[in-house]
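The next block holds one structure in the form of structure tokens; read it before the comments.
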Amino acid sequence: MKYYLTTPIYYVNAAPHIGHAYTTIAADTIRRLKRMQGYDVVLTTGTDEHGQKIERAAAAAGKSPKAFTDLISAEFKKQWSDLGLHIDRFQRTTNPSHAAVVRDLFERCLKNGHIYKGSYTGQYCVSDELYVNDAKPGDPCPDCGRPTETVTEENYYFRLSAFQDRLLELYETQPDFILPETRRNEVLAFVKGGLQDLSISRTTIKWGIPVPNEEKHVFYVWFDALSTYMSAVHDEKIHGESLWPADLHLIGKEIVRFHAIYWPAFLMAAGLPLPKRIFAHGWLLFENDKMSKSRGNIVRATPIQKVLGTDALRYFLMREVVFGQDGSFSYDALVGRYNSDLANGLGNLASRTLAMITQYREGVIPEGASNQQIAQVATVITETALEAYERFEFSKVLEAVWSLISAVDKYIVDNAPWKLAKNPDEQDRLNEVLYTAAEALRIATGLLWPILPESAAKIWAQLGCRKPLDDLRTAELNWGHLEGGQHLGIPSTIFPRADAKIAIPQMQELEVAEVARQLEILGKKPEPPAAKTSSDSAEPSLAKAITKDGFITIDDFGKVDLRVGLVKTAERVKGADKLLHLHVDLGEAEPRSIVAGLALAYKPEELVGRKVVVVANLAPRKLRGLESNGMIVAASREGDLPVLASFLEDVPVGARLK
RNA sequence: GCCGGUGUAGCUCAGUGGUUAGAGCGACGGUCUCAUAAUCCGUAGGUCGUAGGUUCGACUCCUACCACCGGCACCA
């Protein structure tokens, strides 16, 4: 039986970080689990390399798109190999074999009448390659906040609207198509709300896969990217069984819609088999904050690996985070888990068990009976762990295995083999204790292999087991498979205790170096995180006004009429979380009516009587039916609340800023 | 605004209509000595978000409210 699973293909506008690693580590774990269950497993990952954003990033780095994406794609590939992840296929959207599959998917949909040509005039966000319906010229992008550009484009459209019923039927008949259930409910709500046709081509972009028989069109990112799941295993078979459809798409929760709605609809339209399951995991937070570029709190995997080892990272991610929910990363918690669970728990049990067999039995695992209670415990726990694995409940798997570890620790103390060793009449009992401990350790190690492949292999070898863990099958986790008479391997410490005071600064230093290295590869100069936002976000749409040197002229600035205003009234706008309706005195005949998105940051009463900076000559517009004549100036960073510009000294109402 | 989720010991979480609400980690005390100053044993007195209600009895059921999170809408 084959089992085909995928990670998302990662967008090469950023270098790999712990979030990418989280998904891919989980995929590697599932891959090993399925392997242990006897499947012929294939795991695919890759890189998503097309789009205007990449074109621009490449240009900024002084490289051709191809050279740029080659470089970053190689970074991802290297990251997985550094982390010891077993990747079977690494697919790139720039791979020629991929383009053929995309065109084929398109032509099938076209032939079946699910694609038509239409045209779109409106606002477009270059950064997200997103059409922003209902936006006006100059409006910012709903997603990233960067200014949108006005475009008129002829596009190919996918008739997504026609698939509402079939999608709902899919979710109905296959309740576990989307997991966890909260994600399924969200998708259901979204689809029930009605689906709009989807534009699947772009003429504004050159860097992409050309649409068949078209000069100007290239495929839109999702039509292109999702197809890698098929192109990576195109027409491949294992023992006569086709790899497609995928058994599992492992994704992050931010891309559920594309995988659970668009992708099955594309495949239905093309008359191709659908993937069997989509599992969306949660986000990794940094000390309960969202990790983001603008906060500068993104963590990389490599520094952790270098200081504590890959398995420490894998263990932490799988144990601390409930798979499917958001979880939080911190260096303290990482080192805490490492020391208390890995060093004191698993590592120490291996160490004491092997040491005793070495000292008392010259490194040979004794023959004879084993303790029935421990055997029973091991059997039950193995069952529990395998069931939890089946549901991808990795933290429960680990809890179960650790309860076996503590049962064995207790058993050892209760039986005090060091006392038995001194008594010639107790040699049989000593054999029993040593064998029991070793066999329990073997089973725990086998169960842990999918999550801790490196350390499991070490313990396995130290136990003297020869068979590669990759060939271990779940049936061999039954009690009693350990051979008496087997010679131990060479002992070594698996998880040396870490001193948090040393390890954490070490990781943080390596982190700084890694960030610098990645920035260099991306062709960006290292700069302090706080300064990054402005250069990042401003460039696209100001391009026309900005001169070659990146400066505007005094005349350009003069066009903006900034005035000091006094807030006279402020109230919340009904039905909008973020909006406040203000009346602001600019020294004119009447206070101006201005609607501002400040409600999350300020209470209405905090604003009344406050002096603010107003863009006085902004074109009027209506928001929620309220006239807005101007804009309140506030400092804002992506993901943060706005902070009003204000004055330390008193200034008269109506004064111009220049 | 609509829909959904969460709120339990310092931290991470489990939990059931009913005697004194649990686990792991951390902390403190003790113990063994095979072991990575590890193990093992003992100790932790937390208004089970707030306020009501149903009930003989609620942490567990209902209602309202608060906080946080997510989706959608709105908006930026």
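Order of the sequence lines fixes the chain letters, A, B, ..., with proteins taken first and strands second; residue numbering starts at 1 for each chain.
Set against rU39(B), rU36(B), rG70(B), the side chain of Arg497(A) has rU36(B) as its closest nucleotide. Comparing rC34(B), rC41(B), rU36(B) by their nearest atom to the side chain of Lys410(A) picks out rC41(B).
Comparing Asp326(A) and Asp341(A) against RNA chain B, the residue whose closest nucleotide sits nearer the 5' end is Asp341(A). Nearest-nucleotide positions on RNA chain B place Pro496(A) closer to the 5' end than the other of Pro496(A) and Val187(A).
Between the C1' atom of rC40(B) and the CG atom of Asn348(A) lies a distance of 12 Å, rounded to the nearest Å. Across the protein-nucleic acid pair, Asp332(A) atom CG and rC25(B) atom P stand 18 Å apart, rounded to whole Å.
Spacing of C1' atoms, rG7(B) relative to rG15(B), comes out at 15 Å, to the nearest Å. For the P atoms, the distance from rU19(B) to rG57(B) is 14 Å, rounded to whole Å. Separating the P atom of rC62(B) from that of rC69(B) is a span of 25 Å, rounded to the nearest Å. Annotation: rA37(B) and rG42(B) have their P atoms spaced 23 Å apart (nearest Å). Between the P atoms of rU60(B) and rU6(B), the separation comes to 14 Å (whole Å). Going from the C1' atom of rA27(B) to that of rA9(B) covers 13 Å, rounded to whole Å. Using atom C1' as the reference point in both rG26(B) and rC61(B), the two lie 36 Å apart (nearest Å). rG45(B) sits 24 Å from rC40(B) when the C1' atoms are compared, rounded to a whole Å.
There is a side-chain donor-acceptor pair under 3.5 Å between Glu254(A) and Trp283(A).
At the heavy-atom level, Ala189(A) lies nowhere under 4.0 Å from the strands shown.
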(request) Summarise how protein sits on nucleotides 4-10 of chain B as a single string, 5' to 3': B when a protein heavy atom is under 4.0 Å from the base, S for sugar-phosphate-only contact, - for no contact. (result) -------

(request) Output, in order, the C-alpha distance, side-chain angles, deciding distance and verdict of salt bridge (Lys or Arg N to Asp or Glu O under 4.0 Å) for Lys253(A) and Asp326(A). (result) CA-CA 9 Å; Lys253(A) 66 179 184 182; Asp326(A) 290 355; 2.9 Å; yes

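Counting only residues at least two apart or in different chains, side chain to side chain donor-acceptor pair (under 3.5 Å) contacts with residues 396-408 of chain A are absent.
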Would you tabulate the pairs of protein nitrogen or oxygen atoms and nucleotide nitrogen or oxygen atoms of nucleotides 26-32 of chain B closer than 3.5 angstrom?
from, atom 1, to, atom 2, distance (Å)
rC32(B), O2', Trp418(A), NE1, 3.4

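For Gln359(A) and rA35(B), the shortest distance from a side-chain N or O to OP1 or OP2 is below 4.0 Å.
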(request) For RNA chain B, produce a single dot-bracket line, 5' to 3'. Pairs: Watson-Crick or G-U wobble, both distances under 3.5 Å. Symbols: ( ) within strand, [ ] crossing, | other strand, . unpaired. (result) (((((((..((((....[...)))).((((.........)))).....(((((..]....))))))))))))....

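Residues passing the side chain to side chain contact (heavy atoms under 4.5 Å, CB included) test with Glu367(A): none are found, sequence neighbours excluded. Partners of Glu432(A) according to the salt bridge (charged side-chain N to carboxylate O under 4.0 Å, His left out) rule, which considers only residues two or more places apart in sequence or in another chain, do not exist here.
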